[in-house]
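Counting convention: from 1, in listed order, for ligands and their atoms alike. No hydrogens, no waters, no symmetry mates; every other heavy atom, side chains included, goes into these values.
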Amino acid sequence: MKNMLDDIPSILLMGPGPSSVAPATYHALSRQSLGHLDPTFIQIMDEIKAGLQTLFGTENALTVPISGTGSAGMEAAFVNMVERGDKVLILQNGVFGQRMADVAGRLGAEVTELTFPWGTPVIVDQVAEQLKKDDYKIVAVVHAETSTGVRNPVQEIGDLLRGKDTLYLVDTVTSLGGIPVEIDKWGADIVYSGTQKCLSCPPGLAPASFSPAAVEKLQSRSCKVPNWYLDLTMLTKYWEGKTRVYHHTAPINMLYGLYQAIWNVLDEGLENVYARHKAAHERLVAGLADMGWQMLVEEKYRLPMLNTVLVPEGVDEAAMRKELLDTYHIEIGSGLGPLAGKIIRIGLMGYNAQDCCVDRLLDAMRKITAK
Ligand code: PLP
């Protein structure tokens with residue numbers, strides 16, 4: 001019988017995620033499964049929690065991977081923290097800010113969206129003005145907006161909220177492991193990420209962290225968390241304490257993968273990892289400029305791991321992406337929403353933030369556009 005998996009092509013994943021998986025992480029995924037309450041597995045879980053604390057820059061005890069992709073992290077963040085009627089301010093400048101508003105709205109939150117043009121950052125002064133108008137239970141923002149390539153000013157927004165009774169929620173799906181994520185320094189209370197971007201692990205887990213203030217909110221809810229699977233009050237009984245209590249069967253091998261992905265980053269050193277992303281980004285931007293291609297985002301707000309590039313007049317970006325995939329076995333991403341057809345998105349995430357990947361892509365793009 002033919003097995004489709006024998007035909008999986010080798011594609012260099014340079015889109016908005018998933019990114020190519022590091023070889024050591026593939027190896028980790030294939031190791032023998034253990035039981036979800038096995039003592040060795042529990043030690044691995046504890047090391048994952050400690051590793052995530054380092055990656056997130058936090059001492060939050062409640063720092064755990066949620067089973068599911070980045071969107072499960074987003075759901076877990078809102079479903080545990082929002083109660084019906086809570087006022088939530090979403091700072092929105094892309095697809096994932098929009099998704100946050102949708103998620104919070106479905107939970108009965110009173111959502112206000114403060115929007116900014118896609119491709120530009122959140123303006124801190126406008127946030128300060130908005131905060132004078134109402135008291136919000138949660139203010140939420142995406143650190144690295146994958147749909148636009150913009151880095152939002154998370155520290156400055158956190159500074160506005162310091163001392164207030166407002167929880168600060170930050171999406172770090174694309175930023176974690178690529179640029180500094182320092183949630184205690186930012187004053188962030190509720191943070192989640194994903195495995196398939198700069199951690200170079202397959203999609204499937206959402207590292208998340210909750211501050212003592214967020215835990216207090218969780219414990220003082222007037223009603224149960226309205227989602228069984230993502231309920232942190234129950235999940236913590238599996239992830240914390242001397243005696244662990246089964247909640248759902250942990251995705252054992254995915255957790256091996258995450259363990260290895262964290263190990264890879266910490267072994268290389270966070271500063272080295274950030275420097276590698278920056279160097280690859282600069283090499284890409286310079287190479288594109290030589291070809292006459294310009295970036296969408298102003299230099300100081302650019303993300304190194306997610307490069308949004310304006311498509312020059314006369315270039316059929318969909319045809320170029322197809323040829324990159326078919327002939328050169330490189331995947332890049334298209335623009336979303338209002339940016340569809342206007343930009344391409346090039347990921348330099350984790351393992352792929354390397355000169356050789358940048359050069360391979362630029363070379364292919366040159367050949368395609370020279371025809
Ligand atoms: N938030 C951001 C910033 C993202 O880039 C993504 C996915 O690309 C998500 C959330 C959702 O993550 P997932 O697609 O893994 O569910």
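Atoms of ligand 1 found under 4.0 Å from any heavy atom of Thr174 (numbered from 1 in listed order, with element): 5 (O). Which parts of ligand 1 touch Val142 is read off a 4.0 Å heavy-atom cut-off, strictly below it: atoms 3 (C). Ligand-side atoms of ligand 1 in range of Thr146: 2 (C), 3 (C), 4 (C), 5 (O), range being under 4.0 angstrom from any heavy atom. Residue contact check: Ser71 has heavy atoms under 4.0 Å from atoms 11 (C), 12 (O), 13 (P), 16 (O) of ligand 1. With ligand atoms numbered from 1 in the order given, ligand 1 contributes 11 (C) to contacts under 4.0 Å with heavy atoms of Arg99.
Using 4.0 Å as the threshold, Ser147 has no heavy atom nearer than that to any atom of ligand 1. Residue contact annotation: His143 has no non-hydrogen atom under 4.0 Å from ligand 1.
In this structure, a donor-acceptor pair under 3.5 Å is present between the side chains of Glu47 and Tyr259. Donor-acceptor pairing under 3.5 Å is lacking for the side chains of Ser10 and His329. A side-chain N or O of Ser147 and one of Glu145 form a donor-acceptor pair less than 3.5 Å apart. Under 3.5 Å, the side chains of Glu83 and Ser222 contain a donor-acceptor pair of N or O atoms. Judged by distance alone, the side chains of Gln130 and Tyr136 do bring a donor and an acceptor atom under 3.5 Å apart.
Using cut-offs of 30° and 60° for the angle between ring planes, the Trp228 and His247 rings count as parallel.
Only the side chain of Lys197 comes within 4.0 Å of ligand 1, judged by heavy-atom distances. Residue Ala144 touches ligand 1 through its backbone alone, judged by heavy-atom distances below 4.0 Å.
Checking only distances, Tyr192 never comes within under 3.5 Å of ligand 1, N or O to N or O. Not one N or O of Met74 is nearer than 3.5 Å to an N or O of ligand 1, by distance alone.
Distance from atom 15 (O) of ligand 1 to its nearest protein heavy atom, with residue and atom name: Gln196 NE2, 2.7 Å. Remark: minimum distance from atom 6 (C) of ligand 1 to any protein heavy atom is reached at Phe96 CE2, 3.2 Å.
Taking the charged nitrogens against the carboxylate oxygens, Asp159 and Arg162 do have a contact shorter than 4.0 Å, which makes a salt bridge. Looking at Lys133 and Glu129, no side-chain N of the basic residue comes within less than 4.0 Å of a carboxylate O on the acidic one, giving no salt bridge. Ionic pairing of Lys137 and Asp165 is not present here: no N-O contact between side-chain nitrogen and carboxylate oxygen is shorter than 4.0 angstrom.
Of the listed options Asp171, Leu306, Leu205, Val95, Asp171 places a heavy atom closest to atom 1 (N) of ligand 1.
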